[in-house]
Amino acid sequence: MKPTLLLLSPLPADLNERLAAHFNCHQRSQLDEQGTSALAPVVRGIIATGESVLTREEIARWPALEIIAVLGVGYDGIDLGAARDHGVRVTHTPGVSSEDIADFAMALLLCATRQLLPADRFVRQGRWTAGRYPLTRRVSGGRLGIVGLGRIGRAVAARAEAFGMSIAYTGRTPKTDVPYRWYDDLQALASDVDFLVVCAKGGPETDGLVNAAVLNALGPSGVLVNIARGSLIDEHALVSALRDGRLLAAGLDVFRNEPNIPAALLELPNVVLTPHMASTTEATVRAMADLLFDNLAAHFAGQPALTPVG
């Protein structure tokens with residue numbers, strides 16, 4: 001018999017078809033309590049995304065569960081301790097999205113700093129005929145700080161080098177294979193750079209990492225970009241800094257309570273907001289789907305997963 005899978009979120013059509021050909025698939029959103037109870041003893045795999053939340057209680061609800069396969073890089077919504085306690089393997093799809101996410105980080109940085117969206121509105125509203133658009137800040141040759149120099153952080157740094165930027169970073173430990181300056185304190189890093197790009201992992205350890213003190217250190221000519229997790233940013237402090245002119249601008253692809261964005265952020269003209277789309281190019285989604293499927297296939301063939309978490 002085909003192994004039974006539970007799908008927590010909508011997936012690309014091609015991936016749905018591929019999974020259905022090899023597995024007995026059920027959409028979580030289509031199950032009522034009775035259907036869930038009937039299915040619980042036979043679900044051997046769960047397909048999640050980077051936004052999925054699987055608590056200890058939810059994991060325990062599926063006694064036959066063997067694997068949680070995440071379509072995405074992040075897995076901070078999954079209780080890894082509970083998964084280990086229940087003997088459940090967790091996999092994700094790292095690496096294949098790094099280049100697209102780094103591209104998008106630079107796009108947000110340029111868009112926010114050079115004020116592309118307000119300039120677009122300026123033209124569309126016919127105001128150009130009355131005078132030139134105000135001066136904006138230069139990006140090339142600036143000082144870039146990166147929070148988290150993993151795969152994505154390194155890809156951002158490579159692009160920043162092409163812009164002639166000086167690069168510094170913070171993380172748990174310094175890297176011995178890069179020429180960039182390491183800071184052991186995020187506030188100190190923020191005070192020494194013009195632009196701060198957040199690439200670190202989400203989770204309890206980094207919750208609210210970019211707080212009011214960090215934003216104040218970045219300063220009134222500073223720009224913040226977040227393509228990591230919304231939980232890393234104190235959104236109330238960010239709104240206040242942007243509104244009061246203590247921060248020049250921000251570009252945000254992720255939010256604390258997606259897809260619900262604070263109304264105060266929506267009202268600000270100096271922030272670029274995008275719907276968690278940094279990794280969603282056709283090429284990346286296809287590669288992520290292939291890797292997720294290969295992880296599942298390896299597991300149910302009794303082989304090690306290609307990209308296990310941890």
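The residues of the chain are indexed from 1 along the displayed sequence.
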Under 6.0 Å between ring centres: does that hold for F293 and H22? yes

Would I146 and Y180 satisfy side chain to side chain contact (heavy atoms under 4.5 Å, CB included), going step by step from the backbone distance to the final call? CA-CA 10 Å; I146 299 174; Y180 318 132; over 6 Å; no

R143 versus S166, closest heavy-atom pair with distance: CG-OG, 3.4 Å

Just wondering, more than 12 heavy atoms not from R138 lying within 6.0 Å of its CZ? no

Hydrophobic cluster identity match, V88 and F23, side-chain contacts under 4.5 Å: no

With sequence neighbours left out, what residues match D234 under salt bridge (Lys or Arg N to Asp or Glu O under 4.0 Å)? none

Answer yes when D290 and R18 have at least one side-chain N-carboxylate O distance shorter than 4.0 Å, and no when they do not. yes

Would V197 end up clustered with I101 when hydrophobic side chains under 4.5 Å apart are linked, directly or stepwise? yes

Check whether any side-chain N or O of T129 sits under 3.5 Å from a backbone N or O of G126 as a donor-acceptor pair, and report yes or no. yes

Kindly give the heavy-atom pair with the smallest separation between A102 and I152, and that separation in Å. CB-O, 4.4 Å

For G245 and P220, work out which heavy atoms get closest and say how close. O-CB, 3.3 Å

Here the gap from I68 atom CD1 to L5 atom CG, rounded to the nearest 0.5 Å, amounts to 12.0 Å

Quick check against the 3.5 Å criterion: does E258 have a side-chain atom that pairs as donor or acceptor with the backbone of F255? yes

I'd like to check Y133 versus W128 (side-chain heavy atoms, cut-off strictly below 4.5 Å). Are they in contact? no

Check for a donor-acceptor pair, side chain of W182 on one end and backbone N or O of K175 on the other, with a separation under 3.5 Å. no

Taken to the nearest 0.5 Å, the spacing of D14 CG from L19 CG works out to 11.0 Å

Closest heavy-atom pair, L117 versus C111, reported as atoms and distance to 0.1 Å, is CG-SG, 3.9 Å

Between N270 and L248 (side chain of the first, backbone of the second, donor and acceptor by atom type, cut-off under 3.5 Å), is there such a pair? yes

A quick test of your reading: do over 12 heavy atoms of other residues, nucleotides or ligands sit less than 6.0 Å from CD of Q303? yes

State, yes or no, whether a side-chain contact exists between V178 and Y169 at a heavy-atom distance under 4.5 Å. yes

As an exercise, state the distance from CG of L135 to CZ of R132, rounded to the nearest 0.5 Å. 9.5 Å

Is a donor from one side chain sitting under 3.5 angstrom from an acceptor on the other, for R246 and S240? yes

How many angstroms lie between atom CZ of F300 and atom CZ of R44, to the nearest 0.5 angstrom? 5.0 Å

Is it true that atom CG of L266 has more than 12 heavy atoms of other residues, nucleotides or ligands lying nearer than 6.0 Å? yes

Between atom CE of M288 and atom CG of L11, what is the distance when rounded to the nearest 0.5 Å? 10.5 Å

Check whether L296 and L7 end up in the same hydrophobic cluster, where Ile, Leu, Val, Met, Phe, Trp and Tyr are linked by side-chain heavy atoms less than 4.5 Å apart. yes

Specify the closest pair of heavy atoms between R121 and P269, including all atoms of both residues, with the distance to one decimal. NH2-O, 4.1 Å

Decide yes or no for V156 and L109: does some side-chain heavy atom of the first lie under 4.5 Å from some side-chain heavy atom of the second? no

Evaluate the side-chain proximity of L238 to L252: yes if any heavy-atom separation is below 4.5 Å, no if none is. yes

Is L144 reachable from L232 through a run of I, L, V, M, F, W or Y residues, each pair having side-chain heavy atoms under 4.5 Å apart? no

Would V139 and M165 satisfy side chain to side chain contact (heavy atoms under 4.5 Å, CB included), going step by step from the backbone distance to the final call? CA-CA 8 Å; V139 173; M165 305 177 82; 4.3 Å; yes

Check: A188 main-chain N/O paired with D185 side-chain donor or acceptor under 3.5 Å: yes

Reported CD-to-CD1 distance for the pair E58 and I46, which is rounded to 0.5 angstrom: 6.5 Å

Within a 6.0 Å radius of atom CD on Q125, are there more than 12 heavy atoms belonging to other residues, nucleotides or ligands? yes

Side-chain ion pair, E99 and R159, N-O less than 4.0 Å: yes

Do V210 and L218 come close enough that some side-chain heavy atom pair is under 4.5 Å? no

List the steps, then state whether salt bridge (Lys or Arg N to Asp or Glu O under 4.0 Å) holds for R256 with D207. CA-CA 10 Å; R256 184 171 288 272; D207 191 274; 3.1 Å; yes

Do S9 and S52 make a side-chain contact, defined as non-hydrogen atoms from C-beta onward lying under 4.5 Å apart? yes

Heavy-atom side-chain contact between T206 and K201 under 4.5 Å: no

Stepwise side chain to side chain contact (heavy atoms under 4.5 Å, CB included) test for D194 and T113: CA-CA 10 Å; D194 305 305; T113 306; over 6 Å; no

Minimum heavy-atom distance between A305 and A298, given as atom pair plus value: CA-CB, 4.4 Å

Evaluate the criterion side chain to side chain contact (heavy atoms under 4.5 Å, CB included) for residue pair T4 and H26; output intermediate values, then yes/no. CA-CA 8 Å; T4 298; H26 296 266; 3.7 Å; yes

Assess the side chains of T274 and D253: does a donor N or O sit below 3.5 Å from an acceptor N or O? yes

If the test is side chain to side chain contact (heavy atoms under 4.5 Å, CB included), which one of L292, L8, L6 qualifies with I47? L292

A side-chain contact here means heavy atoms from C-beta on lying under 4.5 Å apart; do T36 and R61 qualify? yes

Cluster overlap V254 with V272, hydrophobic side-chain contacts below 4.5 Å: no

